[in-house]
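Read the structure below first, then the notes.
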Amino acid sequence: MTRKTIGKTDTGKPIYETIGYFEDKELALNALVKSHTEPIIPKADITLKDLYDEWYPDKYEYISKQTEDCYRAAWNRLSVYGKVEFKELRTGHIQSVVNKCHKEGKSISTIKNIKILASMLYDYALQNDVVNKNYAEFVRLPKVEKEEKEIFTDLEIQKLEKAEGEPWVDTILILIYTGLRINELLSLTKFSINFENQTITGGLKTEAGKNRIIPIHPKILKYIKTWYDKNGEYLICNEKGKHLSDRVYRDTLYLPALDAHGVRKLNPHSCRHTCASLLAKAGADTLYIQRILGHAKYSFTADTYTRTDIEELRKAILKI
């Protein structure tokens with residue numbers, strides 16, 4: 001007989017799982033080794049798809065919609081091996097998906113998400129004794145040269161400022177003068193705005209980015225007030241007062257507004273890079289640039305800001 005310890009009782013006595021009975025010691029030892037690489041449990045034959053379907057409901061409940069969409073996109077790639085038993089998957093399977101995406105010219109963030117998702121599925125499988133090794137750890141990501149982040153020029157910002165009153169141009173300027181991400185802007189409600197202190201409380205994605213305080217620059221105060229006075233569930237909303245998705249805003253409102261005024265069609269995240277660049281060029285302290293943008297190094301939440309903090313952030317914003 002061969003058995004292995006799978007836990008302990010409340011009194012500290014070992015709990016054993018019997019693997020089987022064999023004719024000799026060599027066969028018994030081989031079975032013991034095999035039980036660690038191919039566990040003999042009900043889930044041992046679970047497929048990649050079934051494991052993913054079991055894993056994602058709980059995971060997706062606690063992450064942002066944007067992150068969920070990234071993982072679902074990664075799953076669409078990994079699902080090519082959906083019918084394969086999870087214990088049969090190896091590094092080469094995942095590597096082939098990564099390599100194919102790289103050849104298709106997919107972004108490095110898209111490719112990274114495939115490895116991240118695979119690693120999380122392996123962690124779940126390890127917790128449930130389906131496998132005893134995370135083969136996703138050995139996947140190699142393609143090397144990419146660090147690209148210089150594109151930002152709007154001073155002339156382009158002036159063009160947008162001269163287009164005052166034109167549809168959606170004001171939202172682009174709000175992005176530029178706050179450093180908010182596109183989904184952070186579209187998630188703002190009227191409760192996010194404090195006109196007395198002239199601040200915005202918002203932000204998503206990281207602990208440092210959530211509920212950060214951003215002083216409202218005088219150049220965009222009137223735009224904030226105009227949107228605030230609209231009868232919408234969110235600060236920036238469609239004509240029916242409803243929430244705008246990132247995609248609808250970017251493709252049908254943001255990019256056409258840039259094109260209409262002769263400004264390069266940079267992606268919305270370039271507004272955030274532009275804000276950082278403007279602050280840096282104006283001589284704002286790096287500490288306050290990081291806090292305004294919500295970078296992880298400086299983690300502040302709304303209830304930890306002092307009046308001095310807010311005033312220093314305001315001084316930084318007013319430099320641009």
Side-chain angles (χ1 to χ4, degrees), residues 2-10 14-20 30-102 104 106-142 183 187 204-207 209-210 243 245-247 296:
T2 183
R3 66 183 185 181
K4 62 181 180 181
T5 305
I6 60 171
K8 290 186 178 181
T9 66
D10 293 338
I15 301 172
Y16 297 109
E17 177 186 6
T18 300
I19 295 171
N30 287 338
L32 181 61
V33 171
K34 189 176 181 180
S35 74
H36 287 290
T37 57
E38 300 179 19
I40 305 172
I41 59 168
K43 289 184 180 179
D45 297 329
I46 193 170
T47 64
L48 171 60
K49 183 181 185 307
D50 288 341
L51 187 124
Y52 172 79
D53 289 342
E54 188 177 295
W55 166 84
Y56 82 77
D58 181 67
K59 180 66 178 180
Y60 289 173
E61 185 177 351
Y62 299 101
I63 60 178
S64 69
K65 182 63 169 62
Q66 184 183 31
T67 304
E68 177 184 335
D69 289 343
C70 290
Y71 290 157
R72 287 190 184 278
W75 168 247
N76 288 338
R77 294 288 178 165
L78 283 175
S79 63
V80 67
Y81 295 114
K83 295 181 179 180
V84 177
E85 290 183 6
F86 196 86
K87 68 183 181 185
E88 300 298 331
L89 288 175
R90 294 295 183 267
T91 303
H93 294 94
I94 305 165
Q95 189 69 59
S96 68
V97 175
V98 165
N99 293 347
K100 187 172 186 294
C101 284
H102 183 49
E104 293 175 358
K106 300 299 180 183
S107 68
I108 188 63
S109 61
T110 296
I111 295 172
K112 281 181 178 179
N113 284 332
I114 293 170
K115 180 174 180 177
I116 290 170
L117 175 61
S119 291
M120 289 191 294
L121 292 176
Y122 266 105
D123 286 341
Y124 181 78
L126 283 164
Q127 292 166 13
N128 290 277
D129 293 327
V130 178
V131 295
N132 71 336
K133 190 173 186 178
N134 184 345
Y135 285 100
E137 293 179 352
F138 306 104
V139 172
R140 301 182 313 279
L141 296 175
N183 59 323
S187 296
L204 305 167
K205 194 169 181 178
T206 65
E207 286 304 315
K210 291 177 182 177
H243 182 260
S245 71
D246 297 7
R247 182 186 60 77

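Here the structure is a predicted model, which means the values were calculated and not measured.
Applying the side-chain hydrogen bond (donor to acceptor under 3.5 Å, both in side chains) criterion to Glu68, with sequence neighbours excluded, gives Arg72. For Ala125, the side-chain contact (heavy atoms from CB on, under 4.5 Å) partners at least two apart in sequence or on another chain are Leu51, Phe86, Val130, Val131. A search for side-chain contact (heavy atoms from CB on, under 4.5 Å) contacts involving Arg247 returns Ser245, Arg250, Asp251, not counting sequence neighbours. Taking the ring pair (Phe, Tyr, Trp, His ring centres under 6.0 Å) definition, one finds that Tyr71 meets it with nothing, sequence neighbours left out. Taking the side-chain contact (heavy atoms from CB on, under 4.5 Å) definition, one finds that Ser96 meets it with Tyr81, sequence neighbours left out. Checked against side-chain hydrogen bond (donor to acceptor under 3.5 Å, both in side chains), Asp50 has the following partners two or more places apart in sequence or in another chain: Thr47.
For Gln95 against Arg140, the heavy-atom pair with the smallest separation is OE1-N, 2.7 Å. Annotation for Asn134 and Ser119: closest pair ND2-O, 3.7 Å, computed over non-hydrogen atoms. Nearest heavy atoms, Pro142 versus Ile108: O-CD1, 3.7 Å. In terms of heavy-atom proximity, Asp69 sits nearest to Lys65 at OD1-NZ, 2.8 Å. Nearest heavy atom pair, residue Arg77 against residue Val97, reads CB-CG1, 3.7 Å. Closest heavy-atom contact between Ile46 and Glu54: CD1-OE1, 4.0 Å.
In this structure, the separation between CD on Glu88 and CG on Leu48 is 12.5 Å, given to the nearest 0.5 Å. Distance check, rounded to the nearest 0.5 Å: NZ of Lys115 to CG of Leu141 gives 5.0 Å. For the atom pair Ile94 CD1 and Tyr122 OH, the distance stands at 4.5 Å (nearest 0.5 Å). With rounding to the nearest 0.5 angstrom, the CG atom of Asn183 is 7.0 Å from the OG atom of Ser64. For the atom pair OG of Ser107 and NZ of Lys112, the computed distance is 10.0 Å after rounding to the nearest 0.5 Å. Summarising the geometry, atom CG belonging to Leu126 is positioned 11.0 Å from atom CG belonging to Leu121; distances are rounded to the nearest 0.5 Å.
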The test is side-chain contact (heavy atoms from CB on, under 4.5 Å); show your working for Phe138 and Arg90 and say whether it passes. CA-CA 9 Å; Phe138 306 104; Arg90 294 295 183 267; over 6 Å; no
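Between Trp55 and Tyr60, the ring planes lie perpendicular to each other; the angle is over 60°, past the 30° to 60° tilted range.
Side chain of Thr91 to main chain of Val139: no donor-acceptor pair is present (N/O by atom type, distance under 3.5 Å, no hydrogens or angles).
Side-chain contact between Trp75 and Lys49: present, with at least one pair of heavy atoms (C-beta onward) separated by less than 4.5 Å.
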